[in-house]
Asks: 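What follows is a single structure, and I will ask about it in a moment.
A note on names: the letters A, B, ... follow the listed sequences, proteins ahead of strands, and every chain is numbered from 1.
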Protein chains: 2
Amino acid sequence: MTKYGKKIWEIVEASRGHPTAEQVFDELRGACPGVALATVYNNLNRLCGEGRIRKVSVEGMPDRYDRAARHDHLVCRNCGRLTDVDLEDLTEELERKAGVPILAYDLKLIYLCGECRKAREKEGR
Amino acid sequence: MTKYGKKIWEIVEASRGHPTAEQVFDELRGACPGVALATVYNNLNRLCGEGRIRKVSVEGMPDRYDRAARHDHLVCRNCGRLTDVDLEDLTEELERKAGVPILAYDLKLIYLCGECRKAREKEGR
DNA sequence: ATTAAAATTAGAATGATTTTAATTTGAAAG
DNA sequence: CTTTCAAATTAAAATCATTCTAATTTTAAT
């Protein structure tokens, strides 16, 4: 693995916070001042292609990066907050129900996070 | 509903092809030359907000718009082709499994469409 | 030490979408 | 039929995450 590739992978793998490319860049710069943002994008893309990390796109915000291990996500409808959720692997069930061989799936559960629910209640809804 | 709002809704609702804003724009211009692309975006956003249509984002391509009726999607890993698939409503099941109240979910089944599979076979994979 | 391929860099380019500010439209009220 | 005012529309500029380009540097193999 390349000089920056390894470090970037470690940052994403270690993080439970679904960092954006910019956030990975900022963290990497701590150890490697002078690294270019393009390098971060290059490596994130390469790592995704190799299946070593994955990309999580949430409507209207920059792409986020996540460890490869299988899990799904809760997305707050209001603020976009992203949280991991561990559901069993649904591939077989979905394949059977859809009647088509599938390679994988992308499942996001839309909810209201604690903060946003509280904010709503205060406004009296 | 507004002058263009209704037409744009009809275009999206009638289409089974998941058009992009540009494609809606092109179709609308047939009947209404002089309409602005910004108007299409404004109305698509308004209609989404009202729940009368929905937006489908596929990694690396412009957003697509879709009728509101509940259904899920197959997305070709290779070419991005988007196809409807009718699965039963999984909200309750997912809510139970996740242990959190959810408002909705976004499920994409990743597969290889017929064309892409054929292309692969020709190349001998 | 030589080479070639791959990685990195800085900065420009891209392109879908949003924003802005001005103009037009359309419905309700007088 | 006017007046009025909010909402819709327009054209153009702005945004901004991401990709691309071309030049440079690093790496690993020979």
Asks: Would you mind reading off the distance between B:D63 atom CG and C:dT17 atom P, rounded to a whole angstrom?
Replies: 5 Å

Asks: So that I can tick it off, tell me whether A:R46 and A:E50 are bridged by a salt bridge, with the cut-off set at under 4.0 angstrom between side-chain N and carboxylate O.
Replies: no

Asks: Quick check: closest heavy atoms across A:K55 and A:Y65, and the distance to 0.1 Å?
Replies: CE-OH, 3.5 Å

Asks: Which residues pass the ring-ring contact (aromatic ring centres under 6.0 Å, His included) test with B:H73, sequence neighbours left out?
Replies: B:H18, B:H71

Asks: Can you tell whether the side chains of B:R67 and B:D84 come within less than 4.0 Å, N to carboxylate O?
Replies: yes

Asks: Over how many whole Å does the gap from A:Q23 atom CD to D:dA17 atom C1' extend?
Replies: 13 Å

Asks: Please give, in whole Å, the distance from D:dT26 P to A:K6 NZ?
Replies: 20 Å

Asks: State which residues pass salt bridge (charged side-chain N to carboxylate O under 4.0 Å, His left out) with B:D26; sequence neighbours excluded, sorted by chain then number.
Replies: B:R29

Asks: Rounded to whole Å, how long is the line connecting atom CZ of B:F25 with atom C1' of C:dT18?
Replies: 16 Å

Asks: Could you spell out the base pairing of DNA chain D as a dot-bracket line? Use Watson-Crick and G-U wobble contacts where both distances are under 3.5 Å, [ ] for crossing pairs, | for partners on a different strand.
Replies: ||||||||||||||||||||||||||||||

Asks: Identify the heavy atoms of B:E59 and A:S57 that sit nearest to each other, and give their distance.
Replies: OE1-OG, 3.2 Å

Asks: Would you list the pairs meeting salt bridge (Lys or Arg N to Asp or Glu O under 4.0 Å) in which at least one residue belongs to residues 100-112 of chain A, sequence neighbours left out?
Replies: A:D106-A:K108

Asks: Measure the CG-CZ distance between B:N78 and B:R117 for me, rounded to the nearest 0.5 Å.
Replies: 12.0 Å

Asks: Atom CG of A:L28 and atom C1' of C:dA7: how far apart are they, to the nearest Å?
Replies: 14 Å

Asks: Could you state the interatomic distance from SG (B:C79) to CG (B:L112), rounded to the nearest 0.5 Å?
Replies: 8.5 Å

Asks: Tell me: CD of B:E59 to C1' of D:dT18, nearest whole Å?
Replies: 11 Å

Asks: Let me spell it out: for each of B:Y65 and A:T2, pick the nucleotide of DNA chain C with the closest heavy atom. Which residue's pick is nearer the 5' end?
Replies: A:T2

Asks: For nucleotides 24-28 of chain C, list the nitrogen or oxygen atoms of the protein found under 3.5 Å from its nitrogen or oxygen atoms, one pair per line.
Replies:
none

Asks: Could you identify which residues of residues 34-56 of chain B place a heavy atom less than 4.0 Å from some atom of DNA chain C, listed by residue number, or say none?
Replies: B:A38, B:Y41, B:N45

Asks: I'd like to know if A:K6 pairs up with A:E10 as an ion pair, taking the criterion as any Lys NZ or Arg NE/NH1/NH2 lying under 4.0 Å from an Asp or Glu carboxylate oxygen.
Replies: yes

Asks: Start at the 5' end of DNA chain D and walk down; is the nucleotide closest to B:G5 or to A:M1 reached first?
Replies: B:G5

Asks: Take the protein atom CH2 of A:W9 and the nucleotide atom P of C:dA7, then report the distance between them rounded to whole Å.
Replies: 18 Å

Asks: Can a salt bridge be assigned to the pair A:R81 and A:E115 using a cut-off of 4.0 Å between side-chain N and carboxylate O?
Replies: yes

Asks: I need the CE-P distance between B:M61 and D:dT18, as an integer number of Å.
Replies: 16 Å

